[in-house]
Amino acid sequence: MTTSPSNGAPTASAQASAAAAPAASTPTGSNDELAAAVARRRNFAIISHPDAGKTTLTEKLLLYGGAIQQAGAVKAKGEQRKVTSDWMELEKQRGISITSTVLQFDYSGRTLNLLDTPGHQDFSEDTYRTLAAADNAVMLEDAAKGLEPQTRKLFEVCRMRQIPIFTFINKMDRPGREPLDLLDEIEKELGLACWPVNWPIGGGDRFQGVIDRRTREVVLFERAQRGRQSLERRLPLDSPALAERVEADLLAQALEELELLDGAGEALDLAAVHAGTLSPVFFGSAMTNFGVRPFLDAFLDLAQAPTGRATREGVVDPLRPDFSGFVFKLQANMDPRHRDRIAFVRVCSGKFEKDISVRHARSGRNIRLSRPQKLFGQDREVVEEAYPGDVIGLNNPGMFAIGDTLYVGPKVEYEGIPCFTPELFAWLRNPNPSAFKSFRKGVNELREEGAVQVLYDTDLSKRDPILAAVGQLQLEVVQYRLENEYGVQTRLEPLEFSVARWVVGGWPALESVGRLFNCKTVRDAWDRPVLLFRNTWNLRQLQEDHPSLELSGVAPVVSGIEPIAL
Ligand code: G4P
């Protein structure tokens with residue numbers, strides 16, 4: 001990363017000012033306090049396809065947590081608030097949510113951190129990166145649709161990290177697919193075993209409620225007024241009153257299916273849940289507020305507390321007394337009045353306190369973190385302390401990159417966050433040569449921020465960058481921001497590629513196989529060879545022709561190497 005003043009070098013006004021004092025080991029508070037704070041915390045992200053009901057479920061969860069007074073506030077707030085960032089202008093125009101932040105709330109003696117991810121169809125790498133900071137994931141499905149493409153992609157990232165997955169099958173008040181069929185799909189297609197925590201009685205117009213498998217009670221479905229918490233009356237399975245409340249044929253069918261599940265014999269094995277191989281499944285209806293509270297209660301029982309994180313030297317325990325954390329997301333210009341850039345840090349170990357001096361692992365510099373922020377949606381406040389599993393926002397005067405580690409005490413360096421395989425590619429043209437300096441600055445800063453991946457032609461005379469993204473929205477955001485933040489209008493020329501592979505052995509490995517057909521060789525920002533293919537068929541053909549050439553869909557993680565400048 002360059003640190004020239006034009007590239008946003010640290011300034012006197014920067015919040016993360018370089019401190020003279022070394023980042024000495026100064027654990028604060030007792031280890032009991034740390035252990036209690038870690039045990040209290042549960043951190044999770046919701047993975048879903050657009051329209052499955054993520055916004056609705058989030059609202060209801062916050063409602064139970066007392067974080068908002070009335071469901072609907074999450075959306076309403078966004079609509080009422082005057083525009084506070086350039087992003088929000090784009091979000092408003094397109095009716096989408098681009099920024100992902102963290103929502104912290106307390107419920108039942110626990111502190112929950114909900115890492116919010118963009119919900120739009122054209123999701124971006126941000127969504128993937130947020131999962132790098134999550135300890136648990138909630139996979140939200142629409143009961144009528146089952147698994148959908150975006151959910152599958154996000155699931156793969158969770159699997160890569162072995163994150164426990166909790167499945168919430170939503171919209172049970174509407175006609176949907178057979179519950180057994182939905183579970184079968186998850187088990188067969190994702191290879192994820194399921195353990196239903198509750199089982200539905202009927203569905204759609206005839207949805208009567210669920211049987212809580214652990215307590216053998218029926219939770220009755222009574223449509224709550226929108227925005228209110230439902231009563232969720234419970235009756236034991238053997239209660240005579242049940243016959244008056246539940247249609248007999250539907251109850252009989254549900255019990256028969258339950259018997260089948262019990263007969264399969266699988267127990268709710270917590271170790272398997274935490275290893276990400278067994279998913280507790282819940283049926284409910286977020287909109288009518290049914291099943292959200294039981295879900296939250298069971299989630300608190302079953303989810304894992306903040307876990308240890310991998311470094312090259314082994315796993316760091318969250319109870320390590322010294323603070324450490326890593327940057328998983330960068331965001332520029334959240335507040336256009338200050339043209340600020342925020343680095344989101346996941347706290348991994350120790351207690352974080354305002355004004356703490358930390359060492360920046362990649363540069364070796366000491367930094368005093370004098371104005372850390374807690375973010376709630378778009379709101380922020382100065383954070384005095386934070387614990388493992390929490391997320392803090394730091395002003396980023398250009399020194400933080402995605403994957404960077406901050407630590408106190410003995411050196412810790414967390415494994416970086418990989419770049420995800422782009423699927424969309426386009427030349428980014430700058431029609432106005434006099435704006436080249438701003439164009440270059442904008443492209444470099446947006447790449448550093450991780451807004452998009454940038455590739456270059458191997459022919460050095462072709463200096464225009466190739467933008468590489470996982471979603472169309474990323475390309476639009478880059479163009480929009482180049483114009484609004486850097487004053488340069490650009491043109492995108494789509495390239496007809498859809499698959500990218502990094503050559504594992506670098507240029508020597510590529511040269512050793514000679515000329516390649518049906519692919520284009522480009523360089524990434526670290527001058528590593530990348531092959532672009534029109535389709536997976538061309539990729540397979542190349543792999544058959546050159547079995548010795550090792551290719552990877554995920555870019556090798558970089559640390560400490562200067563990227564090439566445009
Ligand atoms: P998303 O964030 O995952 O994209 O989904 P969102 O919560 O916005 O929900 C998408 C649509 O599905 C919304 O309807 C929402 O009301 C509806 N929905 C969510 N949960 C349930 C549920 O449990 N049952 C039923 N029947 N519908 C549900 P919309 O018409 O698009 O918006 P709105 O009219 O509610 O504002």
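Order of appearance sets the numbers: ligands from 1, and atoms from 1 within every ligand.
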What do you reckon, does [X] have a nitrogen or oxygen under 3.5 Å from a nitrogen or oxygen of ligand 1?
X	result
T55	yes
L57	no
M287	yes
D173	yes
G53	yes

Ligand-residue contact atoms, ligand 1 with [X], heavy atoms, under 4.0 Å:
X	value
K54	1 (P), 2 (O), 3 (O), 5 (O), 7 (O)
P50	4 (O)
T56	6 (P), 7 (O), 9 (O), 15 (C), 19 (C)
R174	26 (N), 27 (N)

Sidechain N-carboxylate O distance under 4.0 Å for D173, R206:
no

Salt bridge or not for D184 and R177, using N-O below 4.0 Å?
no

Any heavy atom of D51 under 4.0 Å from ligand 1? The part involved is both

Counting only heavy atoms closer than 4.0 Å, does ligand 1 sit against the backbone of S285, its side chain, both, or neither?
both

Hey, can you tell me if F497 and F425 have their rings parallel, tilted or perpendicular (30° and 60° cut-offs)?
perpendicular

Can you check whether F207 and F290 have ring centres sitting under 6.0 Å from each other?
yes

Answer with yes or no after comparing the ring centroid distance for F283 and F168 against a 6.0 Å cut-off, counting only values under it.
no

Evaluate the salt bridge (Lys or Arg N to Asp or Glu O under 4.0 Å) criterion for residues D262 and R213: first the C-alpha distance (whole Å), next the side-chain angles of each, then the deciding distance (0.1 Å), finally the verdict.
CA-CA 9 Å; D262 288 343; R213 240 176 126 190; 2.9 Å; yes

Is the count of non-hydrogen atoms from other residues, nucleotides or ligands lying under 6.0 Å from E493 atom CD greater than 12?
yes

E187 CD: over 12 foreign heavy atoms closer than 6.0 Å
yes

